[in-house]
Amino acid sequence: MSVLTRISEHVYWMPPGPPDRPSLCAVVGDRRTLMLDAGSSNAHARVFLDALWAESATRPTAVVYTHSHWDHVLGGAELDGQVIAQTSTADELIELAARDWSDEGLERRVAAGLSSPQFAAHIKEELPAPRKVEVAQADIVFQSALDIQLGGVTVHVRHVGGDHSADSSVMYVEPDRVLFLGDCLCDSPEGALTAGLAFPLCEAIL
């Protein structure tokens with residue numbers, strides 16, 4: 001099981017874990033707490049939220065997403081707070097909510113070449129059948145950038161794109177000097193990194 005760690009004055013981080021759970025963060029300010037990505041399921045989000053409460057006695061009132069891939073957003077309903085997302089991410093959340101998440105639906109997506117067998121296997125492991133998937137929709141939508149004031153700490157959110165997902169955003173926590181990248185530096189679902197997207201992305205991050 002992944003363990004929550006306080007990595008700076010305001011930032012708590014939980015590393016990734018199986019089957020396809022990404023790392024999660026919380027930024028704790030004097031006035032409110034913000035979660036960075038919501039995790040791959042309600043169970044994943046609950047592990048994080050319970051650990052955060054045990055360590056800091058705080059609960060996030062909102063979450064901001066790095067991108068729309070299932071493993072970063074399906075825990076959003078468990079938070080029961082505001083969802084902040086880039087415009088394209090918000091659009092993708094609508095599509096995710098309309099998707100058939102049953103085993104049969106997953107298998108049809110794989111057969112149609114819309115999803116990989118690994119994707120389907122990870123879903124089945126993280127969310128055993130019969131599964132009910134609730135996709136929390138965006139409450140606050142931004143286009144290119146957004147600053148979120150938490151009290152003594154600011155989270156600067158910036159849309160950066162990239163091969164992995166065109167809607168990717170990063171979050172810079174100031175004054176902690178922590179940059180939360182999500183998956184933006186990863187390759188595309190087809191396994192590619194392109195010069196046209198990867199080099200500008202690296203420049204933006206630097």
Side-chain angles (χ1 to χ4, degrees), residues 1-2 14-25 35-49 63-81 83-143 159-170 180-194 196-198 201:
M1 182 179 293
S2 298
M14 182 173 281
D20 191 20
R21 292 183 168 185
S23 66
L24 302 175
C25 269
M35 192 170 175
L36 311 184
D37 277 344
S40 54
S41 66
N42 286 352
H44 184 201
R46 177 48 50 195
V47 168
F48 179 85
L49 294 170
V63 59
V64 57
Y65 292 152
T66 58
H67 63 301
S68 60
H69 289 175
W70 73 275
D71 50 321
H72 295 256
V73 304
L74 290 192
E78 184 69 18
L79 176 65
D80 194 27
V83 173
I84 305 168
Q86 197 270 342
T87 301
S88 297
T89 303
D91 291 342
E92 289 297 324
L93 293 176
I94 296 171
E95 190 278 327
L96 288 176
R99 189 178 294 184
D100 180 359
W101 292 95
S102 67
D103 284 354
E104 295 77 15
L106 293 173
E107 289 157 11
R108 281 194 294 270
R109 287 187 62 85
V110 172
L114 298 173
S115 297
S116 68
Q118 185 181 41
F119 163 87
H122 286 162
I123 289 284
K124 291 175 183 179
E125 186 174 354
E126 181 67 42
L127 297 156
R131 69 185 59 84
K132 179 182 178 182
V133 175
E134 181 181 356
V135 182
Q137 298 299 301
D139 300 293
I140 298 171
V141 177
F142 67 94
Q143 184 66 43
H159 175 236
V160 293
D163 287 289
H164 184 74
S165 188
D167 65 331
S168 287
S169 297
V170 298
F180 189 70
L181 296 171
D183 289 350
C184 70
L185 288 174
C186 298
D187 53 8
S188 72
E190 294 75 32
L193 283 173
T194 62
L197 293 178
L201 173 60

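This is a predicted model, so every value here is computed, not measured.
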* **Interatomic spacing from CZ in Phe142 to OG1 in Thr87 - rounded to 0.5 Å** => 7.5 Å
* To do: May I ask you to test the Thr89-Ser169 pair for a side-chain heavy-atom distance under 4.5 Å?
  => no
* Asked: Can any side-chain N or O of Gln137 pair as donor or acceptor with the backbone N or O of Leu93 at less than 3.5 Å?
  -> yes
* Asked: Is a donor on one side and an acceptor on the other found under 3.5 Å between the side chain of His164 and the backbone of Ser188?
  -> no
* To do: For Trp101 and Leu96, work out which heavy atoms get closest and say how close.
  => NE1-O, 3.0 Å
* Of the non-hydrogen atoms in Ala38 and Gly76, which two are nearest, and what is the gap between them? -> CB-N, 3.4 Å
* Rounded to the nearest 0.5 Å, how far does OG1 of Thr66 lie from CG of Asp167? -> 8.0 Å
* What is the ring orientation for His67 with His72, classed by angle as parallel under 30°, tilted 30 to 60°, or perpendicular over 60°? -> tilted
* Do side-chain atoms of Glu134 reach the backbone of Lys132 as a donor and acceptor pair under 3.5 angstrom? -> no
* **Atom CG of Asp80 with >12 non-hydrogen neighbours under 6.0 angstrom** => no
* Structure fact -> Nearest heavy-atom contact between Leu193 and Leu185 is CD2-O, 4.2 Å
* Within the side chain of Glu190, is there an N or O that forms a donor-acceptor pair under 3.5 Å with the backbone of Ala192? -> no
* Asked: Can you name the closest pair of heavy atoms from Val110 and Pro117 and give their distance?
  -> CG1-CG, 4.0 Å
* Structure fact -> Value for NZ (Lys124) from CG (Asp103), rounded to nearest 0.5 Å, stands at 4.5 Å
* pair Leu49-Leu79: side-chain heavy atoms closer than 4.5 Å -> yes
* Asked: Side chains of Met14 and Val47: closer than 4.5 Å at any heavy-atom pair?
  -> yes
* **Side-chain touch His44/Pro22, heavy atoms, less than 4.5 angstrom** => yes
* Asked: Should Leu24 and Met35 count as side-chain neighbours, where that means a heavy-atom distance under 4.5 Å?
  -> yes
* Aromatic plane relationship, Phe119 with Trp70 - under 30° parallel, 30 to 60° tilted, over 60° perpendicular -> perpendicular
* Run the numbers on Ile140 and Val83 for side-chain contact (heavy atoms from CB on, under 4.5 Å), then give the verdict. => CA-CA 6 Å; Ile140 298 171; Val83 173; over 6 Å; no
* Asked: Can you tell me if Ser165 uses its side chain to pair, donor with acceptor, with the backbone of Ser168 under 3.5 Å?
  -> no
* Asked: Which heavy-atom pair separates Cys184 from Gly161 by the least distance, and what is that distance?
  -> CB-O, 4.2 Å
* Would a 4.5 Å heavy-atom cut-off, applied to side chains only, mark Ile84 and Val63 as touching? -> no
* Asked: Is the shortest side-chain N to carboxylate O distance from Glu104 to Arg108 below 4.0 Å?
  -> no
* Nearest-0.5 Å distance that lies between atom CG in Asp37 and atom CG in Asp183 -> 8.0 Å
* Structure fact -> Output for pair (Arg46 CZ, Ser41 OG), nearest 0.5 Å, gives 11.5 Å
* Asked: If we only count heavy atoms from C-beta on, is the Ile123 to Arg131 side-chain gap below 4.5 Å?
  -> yes
* With rounding to the nearest 0.5 Å, note down the distance linking OG in Ser115 to NE2 in His122. => 13.0 Å
* Structure fact -> Note: Phe48 and Cys25 closest approach over all heavy atoms is CZ-C, 3.5 Å
